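Each remark here refers to the structure printed beneath this line.
Quick caveat: nothing in here was measured; it's all calculated off a predicted structure. The figures that follow rest on heavy atoms only: side chains count, while hydrogens, waters and symmetry mates do not.
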Amino acid sequence: MIPKTSSNNGERVLLLACGALAREILAVTEANGLDHLDLQCLPAIYHNHPEKIEPAVREAVGKYRDSYTKIFVVYADCGTGGLLQATCAELGVEMLDGPHCYSFFEGNAAFAAKEEMTAFYLTDFLVRQFDAFVWEPLGFAKYPDRADTLRDMYFGHYTKLVYQAQIDDPELTAKAKDCAARLGLAFERRFTGYGDLENSLVSI
């Protein structure tokens, strides 16, 4: 928990967020002086286990509801098949719009308009954590002799890796290029900044 002193007429708002967004949320709140927002993160690894998101959010809302004027869930649907949205509606809390972080970082409208069915996306967080969140879970580290087979199995229908950069960091860009090379995909970098994440947080 990162406590802040409220300046929003005494209102305190809890951001109940994916741990993969912690760095970006802090950057947005600090840059915009959003000192009425507190942050509580759920484990980032839920990015790979969306079935754990809804029950964890439900439990956390119950835990913190009495301590805050409002709770805002900083998840999009994130693979829950609409279950998280239904739970948030049931609990009377708001959440981010969009299907996933790749969409709201780029801007939900812009992302939907592209209709990119053969792009594999990485954010700053996923570039930093590529081995832990992609390479190792998919077996590349454990079965290096089967790397080509695994690439064909998991990435055969992709044509490019799109790195959605939240910050302008040459080292992250270089690492993202390496991720694309390891997966045998063409590389594209898009500077998105914080997109609809920032718009949503500023409006709370």
Side-chain angles (χ1 to χ4, degrees), residues 2 15 17-32 39 41-50 52-53 74-79 96 98-108 110-112 114-201:
I2 301 161
L15 302 177
C18 172
L21 300 174
R23 185 189 297 254
E24 289 72 28
I25 291 170
L26 289 176
V28 169
T29 57
E30 291 171 6
N32 291 280
L39 176 62
C41 287
L42 299 179
I45 197 61
Y46 289 178
H47 176 90
N48 285 3
H49 300 281
K52 296 184 178 182
I53 296 173
V74 194
Y75 279 92
D77 181 75
C78 298
L96 281 174
H100 40 60
C101 58
Y102 316 121
S103 179
F104 65 67
F105 274 135
E106 187 144 336
N108 286 315
F111 185 88
K114 286 186 172 67
E115 295 185 343
E116 293 177 313
M117 305 302 294
T118 61
F120 181 71
Y121 298 93
L122 294 180
T123 63
D124 286 359
F125 175 86
L126 289 173
V127 171
R128 293 186 183 97
Q129 300 296 330
F130 181 79
D131 285 346
F133 277 70
V134 179
W135 199 253
E136 292 173 7
L138 295 183
F140 287 99
K142 188 175 182 179
Y143 304 106
D145 56 322
R146 297 174 57 191
D148 290 343
T149 299
L150 291 172
R151 268 191 290 267
D152 290 343
M153 181 187 306
Y154 292 118
F155 298 97
H157 64 292
Y158 292 109
T159 60
K160 63 180 177 180
L161 183 150
V162 176
Y163 167 39
Q164 297 176 321
Q166 282 73 68
I167 61 173
D168 194 6
D169 185 329
E171 290 186 9
L172 281 179
T173 298
K175 185 172 182 180
K177 287 182 180 178
D178 178 65
C179 294
R182 291 163 71 181
L183 296 178
L185 299 175
F187 177 74
E188 179 180 343
R189 178 187 182 274
R190 296 176 190 162
F191 182 76
T192 65
Y194 303 114
D196 286 347
L197 173 66
E198 182 165 22
N199 296 336
S200 296
L201 297 185

Are any of the side-chain heavy atoms of [X] and [Y] separated by less than 4.5 Å?
{"X": "Asp124", "Y": "Asp169", "result": "no"}
{"X": "Val127", "Y": "Phe133", "result": "no"}
{"X": "Asn32", "Y": "Leu201", "result": "no"}
{"X": "Leu21", "Y": "Phe105", "result": "yes"}
{"X": "Ile167", "Y": "Tyr194", "result": "yes"}
{"X": "Tyr75", "Y": "Leu42", "result": "yes"}
{"X": "Asn108", "Y": "Pro99", "result": "yes"}
{"X": "Tyr163", "Y": "Lys177", "result": "no"}

Heavy-atom closest pair, residues [X] and [Y]:
{"X": "Ala20", "Y": "Ala44", "result": "N-CB, 3.5 Å"}
{"X": "Pro137", "Y": "Asn48", "result": "CG-ND2, 4.0 Å"}
{"X": "Cys18", "Y": "Cys41", "result": "O-SG, 4.2 Å"}
{"X": "Pro50", "Y": "Cys78", "result": "CB-O, 3.2 Å"}

Could you tell me whether Asp168 and Arg189 have a side-chain N and a carboxylate O separated by less than 4.0 Å?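 Salt bridge: yes.
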Whether over 12 other heavy atoms sit under 6.0 Å from [X] [atom1]:
{"X": "Lys114", "atom1": "NZ", "result": "yes"}
{"X": "Tyr143", "atom1": "OH", "result": "no"}
{"X": "Lys175", "atom1": "NZ", "result": "yes"}
{"X": "Arg190", "atom1": "CZ", "result": "yes"}

Just to verify, what does Thr149 make a side-chain hydrogen bond (donor to acceptor under 3.5 Å, both in side chains) with, not counting sequence neighbours?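 Partners of Thr149 under the side-chain hydrogen bond (donor to acceptor under 3.5 Å, both in side chains) test: none.
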Determine the interplanar angle of the His47 and Tyr102 rings, folded into 0 to 90°, and report it as parallel if under 30°, tilted if 30 to 60°, perpendicular if over 60°.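 Taking Tyr102 first and then His47, their aromatic rings stand perpendicular (interplane angle over 60°).
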Checking the side chain of Ser103 only, and the main-chain atoms of His100 only, is there a donor and an acceptor separated by less than 3.5 Å? no
Roughly how far, to the nearest 0.5 Å, is CG of Leu150 from CZ of Phe140?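 Reported to 0.5 Å precision, the distance equals 5.0 Å.
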Checking Thr123, Leu197, Leu172 against Gln166 for side-chain contact (heavy atoms from CB on, under 4.5 Å), the one that qualifies is Thr123
I would like to know whether Phe130 and Leu183 meet side chain to side chain contact (heavy atoms under 4.5 Å, CB included); could you show each step before the answer? CA-CA 11 Å; Phe130 181 79; Leu183 296 178; 4.0 Å; yes
Quick one about Glu116 and Tyr121 (side-chain donor to acceptor, distance below 3.5 Å, no hydrogens or angles considered), yes or no? yes
